Number of protein chains: 2
Amino acid sequence: MVAVADQLFKALADPTRRTILDELTEKSGQTLFEICSRLSMRHRLGISRQAVSQHLAVLESAGLVETRREGRYKFHDLNTAPLRHIAERWPLPDASGPEGNTP
Amino acid sequence: MVAVADQLFKALADPTRRTILDELTEKSGQTLFEICSRLSMRHRLGISRQAVSQHLAVLESAGLVETRREGRYKFHDLNTAPLRHIAERWPLPDASGPEGNTP
DNA sequence: ATGATAGGCAAGTAACCACTTGCTTGTCGA
DNA sequence: TCGACAAGCAAGTGGTTACTTGCCTATCAT
């Protein structure tokens with residue numbers, strides 16, 4: 001459906017959200033507060049907790065982030081699977097060899 | 001640079017622009033008017049010529065569309081190379097298995 | 001229980017973006 | 001040269017969105 005791609009690309013459109021994805025790529029399973037502090041420490045992003053929370057909601061609706069709750073903690077895990085949708089939609093020019101296979 | 005990715009993802013954020021990319025995937029080297037008529041015919045998109053022109057400008061600044069001028073015609077060619085940037089930034093889970101999740 | 005910690009909900013605001021409208025430039029055929 | 005066609009430029013507008021502010025809920029340690 002179009003709606004899925006719509007959420008996906010809209011989620012990727014914001015630089016802060018992309019930075020969050022970077023952060024989760026490096027360390028998956030972070031809590032909201034952990035993401036907040038790392039964004040401000042490592043990326044010098046002065047951003048409120050609520051803003052990050054809203055960004056995470058957008059990423060989750062796009063399927064790029066999955067969450068699991070444990071007690072009062074909520075862990076956020078990265079899921080890059082939806083990105084495959086992009087590569088399948090517009091085929092890349094031949095790079096050097098077949099892709100999707102790590103030798 | 002961040003600015004390049006910024007233009008790229010912003011360009012992909014709009015559904016009309018993605019449809020234009022689809023159209024150019026199918027037939028590269030179209031003029032502005034050709035793209036307009038095909039958008040309205042094949043995709044039922046009632047959109048003005050200027051709107052398409054602005055979309056093409058965004059796509060071009062993102063490097064997804066390249067143009068060449070011949071007389072009074074300006075042809076638009078698709079270039080999916082910038083999309084490789086996405087796959088490199090967030091590595092996809094292994095495609096061999098049905099569901100990829102690192103244990 | 002009480003205070004502290006982790007997170008959620010909702011409304012308001014300022015900036016951004018897609019689209020339109022109107023006019024202008026440049027190129028080709030008659 | 002004149003008219004028609006392809007495209008460019010610029011300002012204005014309505015809707016979207018990122019962010020803040022303020023308050024509320026839930027879980028845990030003491």
Side-chain angles (χ1 to χ4, degrees), chain A residues 2-3 5-24 27 29-41 43-62 64-77, chain B residues 2-3 5-24 27 29-41 43-62 64-77:
Chain A
V2 182
D6 214 57
Q7 293 290 97
L8 172 63
F9 288 106
K10 192 165 64 178
L12 292 173
D14 188 86
T16 302
R17 282 197 287 269
R18 294 196 296 271
T19 304
I20 292 177
L21 290 182
D22 292 337
E23 198 52 56
L24 289 178
K27 179 168 184 278
Q30 297 188 54
T31 67
L32 172 59
F33 272 68
E34 201 172 350
I35 294 172
C36 279
S37 70
R38 288 177 70 124
L39 281 181
S40 105
M41 291 295 149
H43 299 275
R44 295 293 186 273
L45 281 185
I47 192 174
S48 73
R49 174 182 60 88
Q50 289 81 354
V52 177
S53 178
Q54 288 167 6
H55 281 311
L56 286 171
V58 175
L59 290 169
E60 189 174 6
S61 77
L64 290 168
V65 162
E66 290 168 355
T67 60
R68 50 191 160 91
R69 188 116 205 194
E70 289 182 18
R72 59 176 160 173
Y73 298 105
K74 188 178 179 184
F75 300 104
H76 300 78
D77 297 294
Chain B
V2 181
D6 214 57
Q7 293 291 96
L8 173 62
F9 288 106
K10 190 174 298 184
L12 291 173
D14 187 85
T16 302
R17 282 196 287 269
R18 294 196 296 271
T19 304
I20 291 176
L21 290 182
D22 291 337
E23 197 54 54
L24 288 178
K27 178 167 185 280
Q30 298 187 53
T31 67
L32 172 59
F33 271 69
E34 201 172 351
I35 294 172
C36 279
S37 69
R38 288 177 70 125
L39 282 182
S40 107
M41 293 292 149
H43 300 275
R44 297 292 187 274
L45 281 185
I47 192 174
S48 72
R49 174 182 61 87
Q50 287 80 356
V52 177
S53 178
Q54 287 167 5
H55 281 311
L56 286 171
V58 174
L59 289 170
E60 188 173 7
S61 76
L64 289 168
V65 163
E66 290 169 353
T67 60
R68 53 194 158 88
R69 188 118 204 191
E70 290 181 18
R72 59 174 160 172
Y73 297 105
K74 189 177 180 186
F75 299 103
H76 300 79
D77 298 293

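Treat the numbers as computed from the prediction; the structure is a model and nothing was measured. Convention: sequence-line order gives letters A, B, ...; per-chain numbering from 1.
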### Query
If you check every side-chain atom of A/H55, which of D/dT20, D/dG8, D/dA18 has the closest atom?
D/dA18
### Message
Can you tell me which nucleotide in C/dG7, D/dA7, D/dC28 comes closest to the side chain of A/R72?
### Response
D/dC28
### Summary
Winner on side-chain proximity to B/K74, out of C/dG8, D/dA7, C/dC19, is D/dA7
### Summary
Winner on side-chain proximity to A/R69, out of C/dG7, C/dC9, D/dC19, is C/dG7
### Query
In whole Å, what is the span from the NE2 atom of A/H76 to the C1' atom of C/dA6?
11 Å
### Message
Between P on D/dT17 and CZ on A/F9, what's the gap in Å once rounded to a whole number?
### Response
16 Å
### Task
Could you tell me the separation between the CG atom of B/D14 and the C1' atom of C/dC16, rounded to a whole number of Å?
13 Å
### Task
Rounded to the nearest angstrom, tell me the gap between atom CD in B/Q50 and atom P in C/dG22.
11 Å
### Query
Roughly how many Å is it from CD in A/Q7 to C1' in D/dT16, rounded to a whole number?
13 Å
### Message
Taking 4.0 Å as the cut-off, does a side-chain nitrogen or oxygen of A/S53 come that near to OP1 or OP2 on C/dG8?
### Response
yes
### Message
So which atom in B/R68 and which in B/G29 form the shortest heavy-atom distance, rounded to 0.1 Å?
### Response
NH2-CA, 3.7 Å
#### Entry: Nearest-Å distance for atom pair NZ/C1', residues B/K10 and D/dT17
12 Å
### Message
Does C/dA6 have its OP1 or OP2 closer than 4.0 Å to a side-chain nitrogen or oxygen of A/T31?
### Response
no
### Task
Work out which heavy atom in A/L32 is nearest to a heavy atom in A/H76; give both atom names and the distance.
N-CE1, 3.9 Å
### Query
Is a side-chain donor or acceptor of A/R69 paired with a backbone partner of A/K74 at a separation under 3.5 angstrom?
no
### Message
Ignoring hydrogens and geometry beyond distance, is the side chain of A/Q54 in donor-acceptor contact with the base of D/dT20 at under 3.5 Å?
### Response
yes
### Query
Atom CZ of A/F33 and atom C1' of D/dT27: how far apart are they, to the nearest Å?
13 Å
### Query
Which heavy atom in B/Q7 sits nearest to a heavy atom in B/S61, and how many Å separate them?
NE2-OG, 2.8 Å
### Closest nucleotide among C/dT20, D/dG8, C/dG7 to the B/S48 side chain
C/dT20
### Query
If you check every side-chain atom of B/T16, which of C/dC17, D/dT17, C/dC19 has the closest atom?
C/dC19
### Task
Using heavy atoms to find the nearest nucleotide of DNA chain D for A/E70 and A/I47 separately, return the residue whose nucleotide is more 5′.
A/I47
### Task
Take the protein atom CZ of B/R17 and the nucleotide atom C1' of C/dC19, then report the distance between them rounded to whole Å.
12 Å
### Query
So, the side chain of B/R17 versus the backbone of B/K10: is there a donor-acceptor pair under 3.5 Å, distance only?
yes
### Query
Does the D/dA7 base have a donor-acceptor partner in the side chain of B/R49 within less than 3.5 Å?
yes
### Task
Just compare C/dC9, C/dA6, C/dC19 and give me whichever is closest to any side-chain atom of A/Y73.
C/dA6
